[in-house]
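This report refers to the structure that appears directly beneath it.
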Amino acid sequence: MSAKPSAGGIRLLVRKPPLAPAAASADGVKRLSLDGKKAPAPPAKGPSELYAELLEGAGGDAGAAAEKIKELLAAGSRDAAAIGGLALQEGLAALHQHGLLEALQKAIGEDSLPVEREAGLTAYAALAREGGRQLEPFLLPMLPQVLACHADKVKAVREAAAAAGAALVASINSHATKAAAGLLLAGTEQGLKWQARAGALKLLGGLAKRAPAEFAHCMVAVVPRVSECMVDIRPEVSTAASEAMLAACGTAGNRDLEPHIPALVSCIAKPAEVPDVIAKLSATTFVQAMEDGCLAVMVPLMVRALRERSTVVNRRASVIIENMSKLVQDPAEARPFLPQLMPLLDRLANEAADPELRQVGARARDALQRVKDAADEQEAAVGHAADHAEVLAALRQEATAAAPSANLFTPAAGAVLGHVAAVGESLIVAKSHSQRSWENNVVPYLAPGLYNGDKGPATVAAHALHQWALRHMGEPPVEEDDDDGEEELCNCEFSLGYGGRILLNNATLRLKRGRRYGLCGANGAGKSTLMRAIANGKVDGFPPKEQLRTVYVEHDIDASESSTGVVDFVFSDSVVQEATKPSREQVVEVLSSVGFTPQLQCTPVGSLSGGWKMKLALARAMLMRADILLLDEPTNHLDVANVAWLENYLVNRPEISSMIVSHDSGFLDNVCTDIIHYENRKLVHYKGNLSEFVKVKPEARTYYELAAASLRFKFPEPGFLDGIKGKTQAIAKMTGVSFTWPGAAKKQLTDVNIRVSLGSRVAVLGANGAGKSTLIKMLTGETLAG
């Protein structure tokens, strides 16, 4: 096939007799054949290998090798994938210097030959895979051209376009998700070819799976646009849209909603299913926080339900909306949805014929009004989260200050600055407070794109932009931990989930030696989950056990070892032996140091009280020479004397750091040097003990003081018991009972007499090991006397 100009100046494709799938021309360049029914097989050589051959053939001259790549693009050769190797070895500057990005853009343009487009798309995919972050600002703007190639008449071009788009989505920075999603949504608009629209929807679904947390923040724009595509007359488009919507809704991150997602997606295309879906949702108890991604899924359905003519559907939707509003943690995330719901609820509250429906609608409207008021107060106090334009202006200012001589007004610099601003906007939306996160996400663009590879000014600009962003996140600024010369044990950024619930998102944990950190947050925030994840090596970036010895202190003992003696239990512990290989004499010495007498050391571990089990766990940690102790409710089974002993032990071990979860406010006050608080799925650090922390966050008092809690419990009156005629009549009693644990040298209980009636209010007091739990278990029948 060849091209020649016609009389009117239009290039015509002239098909020649078929040759081999890839024929060598006189100049030695392998050109693609469009004649065969089957596309030629892809090259076996990778981009780096192809570039190495070109470089060798050019005598080591990178410029000559770059010119050869341009020839390959113009000739329609798949060997143009060597551009990926050049980018990897020579960097972004070489691509600009030799005009390779312009040549690539021309190759995949609509005015090029099909063979050129295929070669260009192959090169594009190679750059996406091999070029790294530095090329995103230049590859992403070419995405509309890649989408257009999905509708090419030549199958090989269509396949290359699909591969190129998939390569970009697979390699893109997760914080560039919003920018990519915007281009993909634009590629689904009516008027474009259906093949291109279907391709854009498939890539959109892949992007949702690639970066679910970041994609969730795009759902406000995604849901309405993809919903329109789900009812498209082209079945290929509607099918791709349905699959994309399923993937997108899966990013909502709400475990309560997950079982209903297929039904929610189905009713978008089938409005008749709305009443049934509303009925299912009304029977669901929602307990997880409602975030922007979840609200984007739910609100369109609620709007449809409120427009239904059914009183039952209206009432159910109003109740769901009222319950949803109570679970909104960040009012700013709910603000975009309020204009859609409040007018409809206001109409129900004022115009519905059913008095009950008017009342329910008014309650839901008032609940949303409280959310709006909270959002207004939050914005008045701390401002709104900065948008792309504000980030771009700040970035340009900080980038100029970092290197005044740099030229930031070239088209290439503008592309880099615009892309980094989009990444910065995403970091702000994600409330990423970590300086390291900003550095990792900004420097790889700025250094090669603005400063010729110099990371110095790029890092300065990234740090300055981070400080600016902390003041423009629409939330109170985070207190930074000063560098006071203490040894840093860990400084990591990670996310943590449990089941389908996100507990922490891009949270930063920084621990120093000798500090004692109280881990505070509401019940269910994930405090114990975090400590177990650290102990099990499941926290990204946390030093491995070979570098940092972390011990989770718990008093639970495997039932299969309950008859093992204390010394044997510790000495045979494989984890202890792997850590320090202590001798039996060292085990006895450490046990003695925490109060185990020779008699107790021979006692079966199953017969130890809760307090002694906690001491046993601490002795085990001491033998492992722990750097960090993870203590989960350590005072639960300790008497006053042993709590004081534990406080003294922790305070006087400057070589050990501790992370503590406890509801004992006095213990935290006496022990902690710092508080780590769960806030909006982040870990926020505060210096000082619990009392100092409560001065800064008075609402945290509810964690520890019943009088300050807003939650109230009301239990029903107990019914009568058969055979019990009065409050003084015994309902349980023991007479003359003694008990000895198997293997114990002395009795735990001797000649015990106890009687309990309905009017009894009994407190069981005694030192650790006195037999309090044993007595209660015997009284309730959980433990039987032999």
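This one's a predicted model, so the numbers in the text were calculated from it and none came from an experiment. Computed over heavy atoms, backbone and side chain alike; hydrogens, waters and symmetry mates excluded.
Checking side-chain atoms of H175 against main-chain N and O of N441 turns up no donor-acceptor pair under 3.5 Å. A side-chain donor-acceptor contact under 3.5 Å links S657 to the backbone of G514. Between the Q577 side chain and the F571 main chain, a donor and an acceptor come within less than 3.5 Å of each other. Of the possible donor and acceptor atoms, one in the side chain of T603 sits under 3.5 Å from a partner among the backbone N and O of Q599. Proximity of a side-chain donor or acceptor of W438 to a complementary backbone N or O of Q467 within less than 3.5 Å is not detected. Looking at Q547, its side chain never comes within 3.5 Å of a backbone N or O of P544 through a donor-acceptor pair. Between the R335 side chain and the A375 main chain, a donor and an acceptor come within less than 3.5 Å of each other. S662 places no side-chain N or O within donor-acceptor distance of the main-chain N or O of E633, the cut-off being under 3.5 Å.
The existence of a salt bridge linking K682 and E679 is excluded, since no basic side-chain nitrogen approaches an acidic carboxylate oxygen closer than 4.0 Å. At a threshold of 4.0 Å, the pair D632-R532 does not count as salt-bridged, since none of the basic side-chain nitrogens sits closer than that to a carboxylate oxygen. Contact check on E425 versus K178 returns a salt bridge, with a Lys/Arg side-chain nitrogen under 4.0 Å from an Asp/Glu carboxylate oxygen.
At least one side-chain heavy atom of I660 sits under 4.5 Å from a side-chain heavy atom of P634. Side-chain contact between V590 and F596 is absent, with no heavy atoms from C-beta onward closer than 4.5 Å. C602 places none of its side-chain heavy atoms less than 4.5 Å from the side chain of V567. Side-chain contact between D292 and M219: absent, with no pair of heavy atoms (C-beta onward) separated by less than 4.5 Å. In this structure, I676 and V684 have side chains that are not in contact, with every pair of non-hydrogen atoms separated by 4.5 Å or more. Contact of the Q378 side chain with the D330 side chain is registered, since non-hydrogen atoms from C-beta on lie closer than 4.5 Å. Contact check for V551 versus V575: no side-chain heavy atoms found under the 4.5 Å cut-off.
The two residues T774 and F739 have their closest heavy-atom pair at CG2-CD2, 3.7 Å. Here the shortest heavy-atom pairing between G595 and L600 reads O-CD1, 4.4 Å. Across every non-hydrogen atom of A525 and Y678, the tightest pair is O-CE2, 3.4 Å. Across all their heavy atoms, V587 and L623 have their closest contact at CG2-CD1, 4.0 Å.
Of the inter-residue distances, the one linking C249 atom SG with I261 atom CD1 reads 5.5 Å to the nearest 0.5 angstrom. Atom OH of residue Y686 and atom SG of residue C520 lie 10.5 Å apart, to the nearest 0.5 angstrom. Note: D568 CG to Q601 CD = 11.0 Å, rounded to the nearest 0.5 Å. Taken to the nearest 0.5 Å, the CE atom of M778 stands 11.0 Å off from the CD1 atom of I754. Put simply, CG on D669 and CG on N689 are 4.0 Å apart, with the number rounded to the nearest 0.5 Å. Note that CG of L295 and OG of S325 are 10.0 Å apart. Values are rounded to the nearest 0.5 Å.
Taking E493 as the reference, nothing meets the salt bridge (Lys or Arg N to Asp or Glu O under 4.0 Å) condition, with sequence neighbours excluded. Legend: residues meeting side chain to side chain contact (heavy atoms under 4.5 Å, CB included) with V762, ordered by chain and number and at least two apart, are S760, V764. For E377, there are no salt bridge (Lys or Arg N to Asp or Glu O under 4.0 Å) partners at least two apart in sequence or on another chain. A search for salt bridge (Lys or Arg N to Asp or Glu O under 4.0 Å) contacts involving K280 returns nothing, not counting sequence neighbours.
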Mind listing the side-chain donor-acceptor pairs of residues 646-654 below 3.5 Å, one per line with the distance, residues two or more places apart or on another chain?
{"unit_1": "E647", "atom_1": "OE2", "unit_2": "N670", "atom_2": "ND2", "d": "3.2"}
{"unit_1": "N648", "atom_1": "OD1", "unit_2": "N652", "atom_2": "ND2", "d": "2.8"}
{"unit_1": "N652", "atom_1": "ND2", "unit_2": "N648", "atom_2": "O", "d": "2.8"}

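Between the side chains of S434 and E439, no donor-acceptor pair of N or O atoms lies under 3.5 Å.
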List the steps, then state whether side chain to side chain donor-acceptor pair (under 3.5 Å) holds for H260 with T284. CA-CA 10 Å; H260 305 292; T284 302; 2.8 Å; yes
Apply salt bridge (Lys or Arg N to Asp or Glu O under 4.0 Å) to residues D674 and R516 and explain how you reach the verdict. CA-CA 6 Å; D674 305 80; R516 299 175 294 280; over 6 Å; no
Please walk me through it: do T550 and L629 pass side-chain contact (heavy atoms from CB on, under 4.5 Å)? CA-CA 6 Å; T550 305; L629 292 177; over 6 Å; no
Mind running side-chain contact (heavy atoms from CB on, under 4.5 Å) on V539 and L509 for me, showing each step along the way? CA-CA 10 Å; V539 172; L509 179 64; 5.6 Å; no
Set out, in order, the CA-CA distance, both residues' side-chain angles and the distance that settles salt bridge (Lys or Arg N to Asp or Glu O under 4.0 Å) for E258 and R255, then state yes or no. CA-CA 5 Å; E258 281 178 4; R255 191 172 51 203; over 6 Å; no
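The environment of K527 atom NZ is dense: over 12 non-hydrogen atoms of other residues, nucleotides or ligands sit within 6.0 angstrom. In E589, the CD atom is not crowded: 12 or fewer heavy atoms of neighbouring residues, nucleotides or ligands sit closer than 6.0 Å. A 6.0 Å sphere centred on CZ of R625 holds no more than 12 heavy atoms belonging to other residues, nucleotides or ligands.
Each salt bridge (Lys or Arg N to Asp or Glu O under 4.0 Å) pair with one or both residues in residues 537-551, not counting sequence neighbours, appears once here: K545-E578.
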